[in-house]
**Q** 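Handing you this structure, nothing more for now.
Just so it is clear, the structure is predicted and the values come from calculations on it, not from any experiment. Letters A, B, ... are given to chains in the order of the sequence lines, protein chains preceding strands, and every chain is numbered from 1. Excluded from the calculations below are hydrogen atoms, water molecules and symmetry mates; all remaining heavy atoms, backbone and side chain alike, are included.
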Number of protein chains: 2
Amino acid sequence: MFGQMQNWPLLVSKFLDHAAINHPSREVFSMLPEGGEFRYNYAGLSDRSKKCAQALGRLGVTLGDRVATLAWNTHRHMEIWYGASGMGAVTHTVNPRLFPEQLVYILNHAEDKVLMLDITFVPLIEKIAEHLTTVKQYIILVGRDHMPDTSLPNALCYEELLAAEGGTYEWPVFDENTACSLCYTSGTTGNPKGVLYSHRSNFLHTLLALSGDTLGITALSVILPVVPMFHANAWGIPYSATAAGAKLVLNGPHHDPETLHMLMIREGITTTAAVPTIWMGMLKYLTATGKDCGKMETVTIGGSAAPRSMIAAFQERYGVRVNHAWGMTETSPLGSLGSENAAVQGLTPEQKLDVQCKQGRSVMGVEMSIQDEEGNKLPRDGKTSGRLMVRGPWVIDSYFKSETSALEADNWFDTGDVALIDEYGYMQITDRSKDVIKSGGEWISSIDLENAAVAHPNVLEAAVIGVFHPKWDERPLLIIVPEAGKSVTHEEMTEFLSDKVAKWWLPDATVLVTELPHTATGKISKLTLREQFKDYKLPLA
Amino acid sequence: MFGQMQNWPLLVSKFLDHAAINHPSREVFSMLPEGGEFRYNYAGLSDRSKKCAQALGRLGVTLGDRVATLAWNTHRHMEIWYGASGMGAVTHTVNPRLFPEQLVYILNHAEDKVLMLDITFVPLIEKIAEHLTTVKQYIILVGRDHMPDTSLPNALCYEELLAAEGGTYEWPVFDENTACSLCYTSGTTGNPKGVLYSHRSNFLHTLLALSGDTLGITALSVILPVVPMFHANAWGIPYSATAAGAKLVLNGPHHDPETLHMLMIREGITTTAAVPTIWMGMLKYLTATGKDCGKMETVTIGGSAAPRSMIAAFQERYGVRVNHAWGMTETSPLGSLGSENAAVQGLTPEQKLDVQCKQGRSVMGVEMSIQDEEGNKLPRDGKTSGRLMVRGPWVIDSYFKSETSALEADNWFDTGDVALIDEYGYMQITDRSKDVIKSGGEWISSIDLENAAVAHPNVLEAAVIGVFHPKWDERPLLIIVPEAGKSVTHEEMTEFLSDKVAKWWLPDATVLVTELPHTATGKISKLTLREQFKDYKLPLA
Ligand SMILES: Nc1ncnc2c1ncn2[C@@H]1O[C@H](COP(=O)(O)OP(=O)(O)OP(=O)(O)O)[C@@H](O)[C@H]1O
Ligand SMILES: Nc1ncnc2c1ncn2[C@@H]1O[C@H](COP(=O)(O)OP(=O)(O)OP(=O)(O)O)[C@@H](O)[C@H]1O
Ligand SMILES: [Mg+2]
Ligand SMILES: [Mg+2]
């Protein structure tokens, strides 16, 4: 027997309709790649998103077509998110920081029909345009006065396209499982893989993001999603901000601490989200200038591990609560978040900080399990690490265009992360499975070693990879970028690490380099490192 | 093209699994109808809910069967909610305050197979049992030592049933549109009508309830849902508390201010929800005893209009924020809630209080429209009243066992309430359509008149109904229960009301009574009043 409630499909256009009706005058602010600023509101965003949908329709875009964006966080990018997805096409947010070959691979793999790009990226695309086999239409996200001279064939001007439309448009209604948006992983461990979100998965993820224990975005929030819209579904913020009627502040091409801080104060930001690198820069800026965080209440940090000192600084020095979050493109991305639960409520501030360094507790809707190689469930004892497996309505089923399931037995998705879950329910990433070092059949966590190593005053950045060893299969190699003008020896590092990790974890060698390779999302590329050091011979004892 | 995300059906058993895994030791406390108290946690609730499912299965309950409860808010009632719905049966929460004939009507209409009841209600059911045509099994919600002598045929003891089960049980997975629970409307305007919730509708409603702008329940919340589990889906709190891992405090059969206040302080309640009558009693108790509200942060008030003085008292005197909410059994019930949005943020405290007296802004997922009799949309101008129409995934499609849709054009459901929406987006109930008085083709709001009348110092309670008038069709009749030992004349009331409502709204007559009829949920029964006064002749001028 079925329930007798309404069949109301979960479509992302509902968020925009809700905001346009209930929060029409709530501000949406954007910095522009061509210079200057733009300010309107949800009534305006709704109106222009509809025009964008009309314009795309006129260009022949139809249900299921992929519309690629190569754009900063701007109001125009928001209009395309809603315009393309709302009309039933698929918004494909492309990461412009990928290598040109990766860009060609992704755009062709996605079979993007239209590519909408900021002027910033015109030179980049001009160079690869001849290799793009499916793109039929380029649209440049500016007004006529800023249209660049370009070799891109038949490039159209976004503002002109919109100006030609009336905006009288009702979002079509279709199956909630319809593809909504497409995002490729950041390519840290290999070639980026496409994740095809549905309207349903984005809708459910958004409702969850509004809960007080996750992002807690409300109608009174003023949110600056520093996380780029092309990175991991922008953590869902373009949807959740709209659904809540929060004021939305978009930083355009600017990621320098000075601009971000200016926005924070001038626009009255209460919450924001980004990877640790951004906040590292911000904290340095705050220290150097003696400025504070204005009305900021919370900052969500994820994408890679937030260092303890960063969490402490925000909370103790600036009174800003840190939400340490874990997720991945494949999980839309919210998987876990470090909001307090009753089990940790009574801990001391120091103990709480220990818990906050972990990656948080699984959000309602994401089931988590730690499993060994054979799929056996491991205990939640705060000690036993294993493969982090997840399941839920906004977790991937299969990669884009793949017909084989990405899941294991009982629908568990292997995240590729190695993690433990403690007795309070908090999950801690201890490694990525590809980065784990297997020494004599036992695991050594490269992350633990790196965290211990960066604490040395002369170490700026550190990475640990496993290299071949005739007896132990693999042994850890420590690769260090020293602080400017400083140095450090292998013996000093061994000495320094010896009371911080198990003896048999101590790296067999230490190498100094001037720079570590990073991926498009700012993570250390172990893949490249392993490539660089593949012929490295350990000094055998 | 479909998205490639997981097919993870939205089933309410997922809430319980989530709590059992992530918040196993979070407390669930219950007062007992047989006397005494019981305290366990989500691990325990999960375990016993599974045993309840096993026991029901052993009794022959299967997918789609209706399992009725006649019970207070207790841990056992929670176990049945999850046990019966989780196994695929339908939990039918019956309101014990209905008249015996209504009870017979509802239990037969629902075709309940099993009836699970607190000892409190054994005498009530014994009297009507011979008329219950479908109930095959009575289960009394106590242990053996409290089993009453009863004429109910073959009555079983709940605790014995559970003790016989092992609890090793995995919740079955089925279509999320499967019927989950059944609740009848409270019968204010006629016979109660059945609303058949699906797992999907309850799941979505729960995610929404967790958002900071609605109930905002988090893992740190300590919630006392005073609202009975048999009233309007208990406002979804049994689900949302579990989904958040909040501490749940259940008051059993006790609704007196003294017990509620004892729980509030002793258990550290942070949030609670009930109809205004309950809070009226609580405020009197607080004033009389000089006590405070302990750790209470918010109270959600709905079901009928929260008076301005009540909202002010909670906020100004006790520092407890009031969420004035509107909803109905047909809307699961969250439809609107008075959390602040940016448009009202800058208002003065008095103006904010004005806004809070309204019924709130529509929550994300419930679309609202004010329409005239012909279905034309009316402006959101804070002045124009019309039929309040709603739409959304937790709004009814058709009543239980009805094959005709309950919806109008474009899927709008007519709530039967008359309302306006102001320029800030806040909705205000001005009347129920059946209670509106039509004088010479124009509408007079009975609610406005009642609100104005109760402000008179000698008036305890007031109701206004329309009675026949030869010239104007209908004119308002004011029915008053005076304060103990006080009285009031028609002339005094006319004088008192004359600067508060339009002149042509002034009642044509005033009648004093000792008592007003109330429905099972504590609303004034206009239906009964109209019946009582159907032959009333207005003194014609
Ligand atoms: N708070 C965090 N702490 C540590 N690692 C994190 C955190 N949040 C995310 N990560 C890492 O980021 C990964 C998800 O990143 P993303 O989906 O952007 O692509 P990627 O995994 O870097 O790229 P690819 O899958 O293409 O190699 C997670 O699997 C995890 O390894
Ligand atoms: N905050 C509120 N202020 C005023 N009225 C409210 C409020 N909340 C709910 N109501 C009234 O309660 C109604 C919903 O009540 P419920 O679903 O329990 O059954 P009922 O309408 O009283 O009974 P029936 O439909 O059987 O006559 C709403 O339609 C509205 O009239
Ligand atoms: Mg990855
Ligand atoms: Mg009703």
**Q** What part of A:F15 lies closer than 4.5 angstrom to a heavy atom of chain B: side chain, backbone, both or neither?
**A** both

**Q** With chain B, which of A:A209, A:A243, A:G216 has the greatest number of heavy-atom pairs at distances under 4.5 Å?
**A** A:A243

**Q** So which part of A:S25 gets closer than 4.5 Å to some heavy atom of chain B, the side chain, the backbone, both or neither?
**A**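 Neither the backbone nor the side chain of A:S25 comes within 4.5 Å of chain B.
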
**Q** At a heavy-atom separation under 4.5 Å, does B:V390 approach chain A through its side chain, its backbone, both, or neither?
**A** backbone

**Q** Is A:E340 close to chain B through its backbone or its side chain, or both, or neither, when contacts mean heavy atoms under 4.5 Å?
**A**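 Both backbone and side chain of A:E340 come within 4.5 Å of chain B.
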
**Q** Against chain A, work out which of B:M368, B:E27, B:R361 has the most heavy-atom pairs shorter than 4.5 Å and name it.
**A** B:R361

**Q** Pick one of side chain, backbone, both or neither for A:L207, based on which atoms fall under 4.5 Å of a heavy atom in chain B.
**A** both

**Q** Under 4.5 Å from any heavy atom of chain A, what part of B:A343 do you find: side chain, backbone, both or neither?
**A**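 Interface part for B:A343: neither.
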
**Q** Before giving the answer on side-chain contact (heavy atoms from CB on, under 4.5 Å), spell out for A:M1 and B:T178 the whole-Å C-alpha distance, their side-chain angles and the decisive distance to 0.1 Å.
**A** CA-CA 6 Å; A:M1 188 171 51; B:T178 301; over 6 Å; no

**Q** Side chains of B:N7 and A:N411: does their closest heavy-atom pair fall under 4.5 Å?
**A**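 No, every pair of side-chain atoms sits at 4.5 Å or beyond.
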
**Q** Against chain B, label A:H23 side chain, backbone, both or neither, depending on which of its atoms sit under 4.5 Å from a heavy atom there.
**A** side chain

**Q** Write down the atom of B:R200, the atom of A:R200, and the distance for their closest heavy-atom approach.
**A** NH1-NH1, 3.4 Å

**Q** How many angstroms lie between atom CE of B:M5 and atom NE2 of A:H199, to the nearest 0.5 angstrom?
**A** 13.0 Å

**Q** Considering only heavy atoms and a distance below 4.5 Å, find which of A:G194, A:S201, A:A219, A:S405 pairs most often with chain B.
**A**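 Greatest number of close heavy-atom pairs with chain B: A:A219.
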
**Q** Let's go through B:Y399 and A:Q4 carefully: what are the C-alpha distance in whole Å and the side-chain angles of both, what is the deciding distance for side-chain contact (heavy atoms from CB on, under 4.5 Å) to 0.1 Å, and is it a yes or a no?
**A** CA-CA 7 Å; B:Y399 286 100; A:Q4 292 180 261; over 6 Å; no

**Q** If I measure from the heavy atoms of chain B, does A:R391 come under 4.5 Å with its side chain, its backbone, both, or neither?
**A**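 Both parts, backbone and side chain.
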
**Q** Drop me the distance from A:T214's OG1 to B:L210's CG, to the nearest 0.5 angstrom.
**A** 8.5 Å

**Q** Using a cut-off of under 4.5 Å on heavy-atom pairs, state which of B:P393, B:S198, B:G425 scores highest against chain A.
**A**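 The residue among B:P393, B:S198, B:G425 with the greatest pair count is B:P393.
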
**Q** Less than 3.5 Å apart, any donor N or O on the side chain of A:W8 or B:E367 sitting next to an acceptor on the other?
**A**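 The criterion, which ignores hydrogens and geometry beyond distance, is satisfied for B:E367 and A:W8.
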
**Q** So, for B:K14 and A:M364, which heavy atoms are closest and what is the spacing to 0.1 Å?
**A** O-CE, 3.8 Å

**Q** What part of B:I21 gets within 4.5 angstrom of chain A, counting heavy atoms only: side chain, backbone, both, or neither?
**A** both

**Q** Quick one: what part of B:F174 sits under 4.5 Å from any heavy atom of chain A, side chain, backbone, both or neither?
**A**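 Contact with chain A: none, neither part.
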
**Q** To the nearest 0.5 Å, what is the distance between CG on A:N22 and OH on B:Y424?
**A**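 It is 15.5 Å, given to the nearest 0.5 Å.
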
**Q** At a 4.5 Å cut-off on heavy atoms, which part of A:S221 comes close to chain B: side chain, backbone, both, or neither?
**A**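 Interface part for A:S221: neither.
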
**Q** Hey, is NZ on B:K377 packed in by over 12 heavy atoms from elsewhere, all under 6.0 Å?
**A**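 At most 12 heavy atoms, drawn from other residues, nucleotides or ligands, come within 6.0 Å of this atom.
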
**Q** Does a side-chain heavy-atom distance below 4.5 Å link B:F2 with A:D175?
**A**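 Sidechains of A:D175 and B:F2: in contact.
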
**Q** Quick one: of B:A19, B:P9, B:G64, B:A342, who has the most non-hydrogen atom pairs under 4.5 Å with chain A?
**A**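 The residue among B:A19, B:P9, B:G64, B:A342 with the greatest pair count is B:A342.
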
**Q** List the steps, then state whether side-chain contact (heavy atoms from CB on, under 4.5 Å) holds for B:V363 with A:H18.
**A** CA-CA 9 Å; B:V363 300; A:H18 178 82; over 6 Å; no

**Q** To the nearest 0.5 angstrom, please state how far the CG atom of A:L220 sits from the OG atom of B:S339.
**A** 7.5 Å

**Q** Under a 4.5 Å cutoff for heavy-atom pairs, which residue among B:V195, B:L63, B:L10 has the most contacts with chain A?
**A** B:L10

**Q** Given side-chain contact (heavy atoms from CB on, under 4.5 Å), test B:Q6 with A:W394 step by step and report yes or no.
**A** CA-CA 7 Å; B:Q6 287 194 11; A:W394 51 87; over 6 Å; no

**Q** Quick one: which of B:N202, B:L407, B:L208, B:D17 has the most heavy-atom pairs under 4.5 Å with chain A, could you say?
**A** B:L407

**Q** Return the option, out of B:G212, B:S398, B:G365, with the maximum number of heavy-atom pairs under 4.5 Å with chain A.
**A**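 Sorted descending by pairs with chain A, the first entry is B:S398.
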
